[in-house]
Structure formats: C-alpha cells, structure tokens
Amino acid sequence: AFSSSVVRRAYETNRAGGSDTSEKKARVHSFKVAAGIDYAVQRGVDVINISLGWYTDTDDALLKSATDLASSNGILVVAAAGNDHQDAGNQYPSALPNVISVGATDDNDQRADFSNFSIDDNPNVLRLAAPGDDIWSVEPGSDRDGKPNISRGSGTSLSAPMVSGLAALVKSVKPSL
C-alpha cells in the first residue's frame with residue numbers, strides 16, 4: 001500500500017503494537033493517514049491538510065515517518081488540533097514535529113472555547129489558530145432542488161483548511177518557502 005520504503009518500514013515496525021482496542025484503532029487511523037500522506041507525496045503536492053485526529057499516549061512512529069517524508073520533499077503538513085478544550089500534545093497527527101497544528105478562534109478573535117491548546121503556549125505543539133467557530137461550509141451531496149448542502153459548523157477541522165489554503169497561496173507566489 002505504500003510506495004515509499006521509509007513509510008513501509010515504519011509500518012512494518014509499528015504493525016505489531018499492543019492489544020488495547022484504542023491502540024488498535026489508533027494504528028488503523030495511523031495507517032490510513034500515512035497512506036494518504038504517502039499518496040500525496042508521490043503526486044508532488046505542496047500542502048497537505050489533515051482535518052482529523054485522535055489521542056494516543058504513545059509516539060506514532062508510522063505517522064512521524066510519513067510526515068518526515070512529506071517534509072523532506074518540501075511539503076507542508078497542516079492538521080487540526082482537536083476540539084476537546086485540552087492540551088493538544090497527545091492529539092495526532094497535529095502533535096508531530098513536522099506538522100503545523102491549528103487551533104480555532106471565535107468571532108471575537110479569541111481561542112474558541114472548544115479548541116485544544118498548548119500548555120504554557122508551547123509553540124512546538126499548537127502553532128497557529130484560525131477562524132473555526134460558526135463557519136459556513138458546503139457538505140457532500142445536494143438538496144431536493146439540486147442545490148448544494150450548506151451548513152454552519154465549528155471545529156479545528158474548519159480552521160486547518162484556512163491555514164492550508166493560505167499556505168498554498170503563499171507557495172504559489174514564493175515556491176522556495
């Protein structure tokens with residue numbers, strides 16, 4: 001499933017893991033996200049947005065290998081920090097060192113009450129924040145009249161694409177960054 005030998009080796013090493021159900025779910029998530037990152041790297045994208053995440057108490061070698069691969073290929077990885085009003089340090093993949101972790105702000109440009117954060121404002125965990133409260137969005141599908149489904153939502157998964165979009169715009173003007 002992986003075209004990158006670096007990610008393939010990390011997957012083989014990480015596959016054994018523990019027997020805890022939450023650990024198994026985290027490994028499945030890691031595999032799927034790492035496969036997506038690998039796919040994006042092989043296609044030469046400039047920016048990867050990851051609007052999802054999960055908690056784990058252990059380092060995620062597979063995801064770290066995948067994000068390291070992306071970074072070594074000049075690809076910026078942006079991820080949602082989470083919506084549980086707690087430290088983002090165990091929220092993966094946003095807690096990884098080569099990932100820009102994005103929190104959410106409200107309409108007063110303050111941290112949204114649900115947004116995860118960094119303890120002691122550690123810039124190595126949560127790096128940026130963007131609007132993420134009561135954001136209009138288009139959902140898959142359409143209504144009975146064929147019009148797009150438009151709704152409001154809140155979460156760091158809505159903040160991260162704003163940062164990703166801005167990063168892509170900057171890279172289009174200054175590819176060397």
Side-chain angles (χ1 to χ4, degrees), residues 1-18 20-84 87-104 115-116 118 122-130 132 137 140 153 155-177:
F2 293 110
S3 55
S4 162
S5 61
V6 172
V7 175
R8 191 177 312 112
R9 277 193 311 272
Y11 168 70
E12 293 300 326
T13 302
N14 196 42
R15 186 169 55 165
D20 182 344
T21 303
S22 63
E23 284 182 38
K24 285 181 182 179
K25 285 182 183 177
R27 282 196 317 277
V28 168
H29 290 312
S30 293
F31 174 77
K32 289 178 180 179
V33 173
I37 292 170
D38 184 63
Y39 180 86
V41 168
Q42 300 311 314
R43 281 79 241 96
V45 303
D46 292 319
V47 179
I48 297 171
N49 181 75
I50 304 173
S51 285
L52 53 80
W54 58 90
Y55 294 96
T56 182
D57 292 330
T58 59
D59 288 336
D60 194 318
L62 177 59
L63 272 182
K64 183 169 183 330
S65 292
T67 58
D68 285 350
L69 176 68
S71 180
S72 71
N73 280 277
I75 300 169
L76 184 65
V77 181
V78 178
N83 305 314
D84 299 305
D87 178 36
N90 289 333
Q91 172 82 10
Y92 285 85
S94 70
L96 292 166
N98 286 331
V99 175
I100 294 178
S101 178
V102 181
S115 181
N116 284 358
S118 293
N122 180 352
N124 294 323
V125 176
L126 185 66
R127 295 192 171 106
L128 294 172
S137 183
T156 59
S157 288
L158 297 167
S159 305
M162 292 188 191
V163 171
S164 296
L166 181 58
L169 181 61
V170 169
K171 277 199 132 183
S172 75
V173 175
K174 282 281 207 188
S176 61
L177 289 179

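Both backbone and side-chain heavy atoms feed into the values below; hydrogens, waters and symmetry mates do not.
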**Request:** Determine the minimum heavy-atom distance between Ala70 and Ile48, stating which atoms define it.
**Result:** CB-CD1, 4.3 Å

**Request:** Look up atom OG1 in Thr156 and atom CG in Leu52, then write down how far apart they are to the nearest 0.5 Å.
**Result:** 9.5 Å

**Request:** For Gly103 and Ser115, work out which heavy atoms get closest and say how close.
**Result:** CA-OG, 3.4 Å

**Item:** Ile50 side, atom CD1; Ser94 side, atom OG - distance, nearest 0.5 Å
**Value:** 9.0 Å

**Item:** Between CG on residue Asn83 and CG on residue Leu158, distance to nearest 0.5 Å
**Value:** 8.5 Å

**Message:** Can you confirm whether Leu76 sits close enough to Asp46 that some side-chain heavy atom of one is under 4.5 Å from a side-chain heavy atom of the other?
**Reply:** no

**Message:** Tell me if a side-chain donor or acceptor on Ser71 pairs with a main-chain N or O of Asp68 at a distance below 3.5 Å.
**Reply:** no

**Asked** Given Val78 and Val102, is the side chain to side chain contact (heavy atoms under 4.5 Å, CB included) satisfied, shown in steps?
**Response** CA-CA 7 Å; Val78 178; Val102 181; 3.6 Å; yes

**Message:** For a quick test of reading the model, state the closest non-hydrogen atom pair linking Ala104 to Gly132 and the distance between them.
**Reply:** CB-CA, 3.9 Å

**Prompt:** Taking Ser65 for the side chain and Ala61 for the main chain, is one N or O donor matched with an acceptor at less than 3.5 Å?
**Reply:** yes

**Message:** For the CG atom of Leu128 and the OG atom of Ser159, what is their distance to the nearest 0.5 Å?
**Reply:** 10.5 Å

**Asked** How far apart are the C-alpha atoms of Leu69 and Ile37, what are their side-chain angles, what is the distance that settles it, and do they pass the side chain to side chain contact (heavy atoms under 4.5 Å, CB included) test?
**Response** CA-CA 9 Å; Leu69 176 68; Ile37 292 170; 5.9 Å; no

**Prompt:** Taking all atoms of both residues into account, what is the closest heavy-atom pair of Ala81 and Ala88, and its distance?
**Reply:** O-CB, 4.0 Å

**Fill in**
Nearest heavy-atom contact between Val99 and Ala79 is CG1-CB, 3.6 Å

**Fill in**
Looking only at heavy atoms, the pair that brings Asp87 and Ser118 closest together is OD1-CA, 3.9 Å

**Prompt:** Would you call Tyr55 and Asp84 a side-chain contact if the rule is heavy atoms closer than 4.5 Å?
**Reply:** yes

**Asked** If you measure from CZ on Phe31 to CG on Asp38, what distance do you get to the nearest 0.5 Å?
**Response** 9.5 Å

**Point-to-point distance, once rounded to the nearest 0.5 Å, from CG of Leu62 to NE2 of His29** = 13.0 Å

